[in-house]
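Some notes on the structure that comes next.
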Protein chains: 2
Amino acid sequence: MSVESGEERQVSIGEIARRSGVARSTVSYALSGKRAVSEETRRRIQAVIDELGYRPNAAAKALKEGRTHTIGLVIPPASQRLTDVQLGFVASVIDAAASADLDVLVSPSGGEHDRSFERVVSGRRVDGVVLMEIRLEDDRVTRLRKMGLPFVGIGRTARPEEMSWVDIDYDTLIARCVHHLADLGHRHIALVNRSTELVAAGYGPGHRAQAGFTRAMAERGLRGVQVCCADDAQSGVSCAERLLAETPGLTAIATINEAAIPGMYRALSQAGLQIPRDFSIAAVAARYLAENLHPPLTASDVPADELGAHAVELLIQRIADPAAPYRHLLVAPPISLRETTAPARPREPLT
Amino acid sequence: MSVESGEERQVSIGEIARRSGVARSTVSYALSGKRAVSEETRRRIQAVIDELGYRPNAAAKALKEGRTHTIGLVIPPASQRLTDVQLGFVASVIDAAASADLDVLVSPSGGEHDRSFERVVSGRRVDGVVLMEIRLEDDRVTRLRKMGLPFVGIGRTARPEEMSWVDIDYDTLIARCVHHLADLGHRHIALVNRSTELVAAGYGPGHRAQAGFTRAMAERGLRGVQVCCADDAQSGVSCAERLLAETPGLTAIATINEAAIPGMYRALSQAGLQIPRDFSIAAVAARYLAENLHPPLTASDVPADELGAHAVELLIQRIADPAAPYRHLLVAPPISLRETTAPARPREPLT
DNA sequence: TTGTATGCGTTATCAG
DNA sequence: CTGATAACGCATACAA
């Protein structure tokens, strides 16, 4: 067995300089190219670097430059499973950041005084932050603004002009779902929102979905019912069961609650209702989820890839020029017709 | 409207010292408590800190201490959706790290000379690394060892005694699936593995699943078929279609390919086969996936939470004492009987 | 073309 | 109990 070349202990720029017989600054310049270095010297230095495997110490560089080449990504507490849309955001932000040679520090932060969040934003550990799951009134936004740390929201507060963000137009999308269902003849439609706590806490998408639902139902002259539902399949079951029991004429659901959808499917099928023959569902959801459900879900597919990448782009711009005006991106992807909506059919045939 | 206190520009310990009329070191000690500071002085310092919102600069601290209080998490390239088991690992590692007051730097690294991976490991940006999706021969493991950077694998190489890891015992689990199916009278069973590329690249779980399958089938005197399948639903469809077409007597599938499972369901149902009456499936998968499928999947539920948390624990220990012996955790969770396995029934009744 | 000196913000060490 | 100083590794202004 050949002996592995020993451990590459951390080598400093001083070590390289000594071994190359030049000054530290010369090594630095040879690497950065910010001033001319003779070919001869450059080669000698490079040889030593290759041999010892030198890599600049990130902490020292950050201390000197005041930049970390790292962005923070604040996600909902990872303890409970993220929704597919949320996962899509995380993946695309990480990917986009990697493409821009930025590292990503992930902070699972829910509560008010979150240690992880504080660490990330207050020690200058990152050059900027992408913030997920923003509330209409959000302490973290206030905090970031006060810190003077560049940030971009995936989602927006009640005063959206005061920050950069990308967002999904839940208002418009839920309205479209309603119109689509109404066009199919549905007269009793329910909106299944996210959890009571989330909506009560001023979760933007929840409120905007409500608004869109109320408006569209009014426009069509329909009266609907709105319910909140926790973000999991089991809650989806009980929510759908309750809805069926308490709203006799109900023939369709519009929803932004991805996690509850598999549960709704189950409850419907257990009630002997076939989708979409007896009952229709239209949603705002991740394409992955929509396609893998049985039957495939008619939904407005959230373009998480695009939004995440755009968020990173906006953040990079804010970092480069913190004084630049805020920028926004609001998307309303079209509904992809799959197999969960069909013409209304009375649930209990009148005798 | 009250005027917000202006931006908290980054304040250094020197600034605090000056305003408090003490030396920098005194501020440091007042904060760390590593040497006695008079109550009087401590109060004055604290008052200034509270007023200015001082937080130690992480880069300076890291430079001085040689520790970053950050761990790296190397995940598969996020471009393609991670499997539910992988997502479970990511979430639990992030959560466990946050509980231990560690930040997590996520690196989506697939290829050999990945820039993101290099940045994370070679600039001393992290104190240690959790490595996912390890190959039997893995360059990244070699690299980390050479760097002398503590690391823990979720998964293991061909020489598992040379590193710390946690892993799922795919060998045993697939064998259990086979025995379970054989007990139900199935005589023709297929193993649906991960993608050809992954297995060819020496992906451990793929190889170990093969081994367990081959052994168990031999023990039961059965002959099976093994196929590779890409990690997505569409591939699951075509894979199952091909299997049904080419292996007439086939009545059951054992699989470790989570992402393909929804596709297999679809193909089976399109072929007019009802699960589990006409065809059985047993798998190793995430509980979330298993429970939300229709019908719910009989599977060995991977305890990703436990494994991820344990990986972080092992990593913390390795960071604390790099000379300590390597430690390992191999888990083989029991099969949760749900609704996709039943007694074998010939697919094409003999005439 | 290259070398010297300084400072980024911390904390440890040595003095007082 | 507290102050001054050095050092971590790097980048850069200044000097030669």
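All values reported here derive from a predicted model rather than from experimental measurement. Within every chain, numbering begins at 1; the chains are lettered A, B, ... in the order of the sequence lines, protein sequences first and strands thereafter.
Under the rule for a side chain to side chain donor-acceptor pair (under 3.5 Å), the partners of A/Glu15 that lie at least two apart in sequence or sit in another chain are A/Arg18, A/Arg19.
Protein atom CZ of B/Arg18 is 18 Å distant from nucleotide atom C1' of D/dT2, rounded to whole Å. With rounding to whole Å, A/His69 atom NE2 is found 14 Å from D/dC10 atom P. Between the C1' atom of C/dT11 and the CD1 atom of B/Ile16 lies a distance of 16 Å, rounded to the nearest Å. Rounded to whole Å, atom P of D/dT2 lies 18 Å from atom NZ of B/Lys34.
Within the 4.5 Å cutoff, side-chain heavy atoms of B/Asp101 are placed close to those of A/Arg119.
For A/Met163 against A/His328, the heavy-atom pair with the smallest separation is O-NE2, 2.9 Å. For the residue pair A/Ala97 and A/Ile71, the shortest heavy atom distance occurs at CB-CD1, 4.0 Å. Annotation for A/Arg24 and A/Gly14: closest pair CD-CA, 3.6 Å, computed over non-hydrogen atoms.
Contact annotation for B/Gly123: no contact, since no heavy-atom pair falls under 4.0 Å across all strands. Counting non-hydrogen atoms under 4.0 angstrom, B/Ser38 reaches the backbone sugars and phosphates but no base.
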What's touching nucleotides 14-16 of chain D from the protein side, N or O pairs under 3.5 Å?
from	atom 1	to	atom 2	distance (Å)
D/dC14	N4	A/Arg35	NH1	3.3

Please list each protein N or O that sits under 3.5 Å from an N or O in nucleotides 5-9 of chain D, with the distance.
from	atom 1	to	atom 2	distance (Å)
D/dA6	N6	B/Arg24	NH2	3.4
D/dA7	N3	B/Lys64	NZ	3.3

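Between C/dT1, D/dC1, D/dG3, one nucleotide has an atom nearer to the side chain of A/Ala36 than all others, and that is C/dT1.
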One pair to check against side chain to side chain contact (heavy atoms under 4.5 Å, CB included): A/Thr70 and A/Asp127. What are the steps and the verdict?
CA-CA 6 Å; A/Thr70 303; A/Asp127 298 334; 5.7 Å; no
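OP1 and OP2 of D/dA11 both lie 4.0 Å or more from every side-chain N or O belonging to A/Ser32. Using a 4.0 Å cut-off, some side-chain N or O of A/Thr26 falls inside it from OP1 or OP2 of C/dG3.
Bending across the helix from C/dT1-D/dA16 to C/dG16-D/dC1, expressed as the angle between its end axes from five pairs apiece, amounts to 50° (10° rounding).
Here the side chain of A/Thr26 pairs no donor or acceptor atom with the backbone of A/Val22 at under 3.5 angstrom. Distance alone, capped at 3.5 Å, is enough to place a donor-acceptor pair between the B/Arg318 side chain and the B/Pro322 backbone.
Every pair passing side chain to side chain donor-acceptor pair (under 3.5 Å) that includes a residue from residues 35-44 of chain A is listed here, sequence neighbours excluded: A/Ser38-A/Thr41, A/Glu39-A/Arg42, A/Glu39-A/Arg43, A/Glu40-A/Arg44.
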I'd like a table of donor-acceptor pairs (distance under 3.5 Å, sequence neighbours excluded) in which one partner is a side-chain atom from residues 56-63 of chain A, with atom names and distances.
from	atom 1	to	atom 2	distance (Å)
A/Asn57	OD1	A/Ala59	N	2.7
A/Asn57	OD1	A/Ala60	N	2.9

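Taking CH2 of A/Trp165 as the start and CD1 of A/Ile154 as the end, the distance is 12.5 Å to the nearest 0.5 Å.
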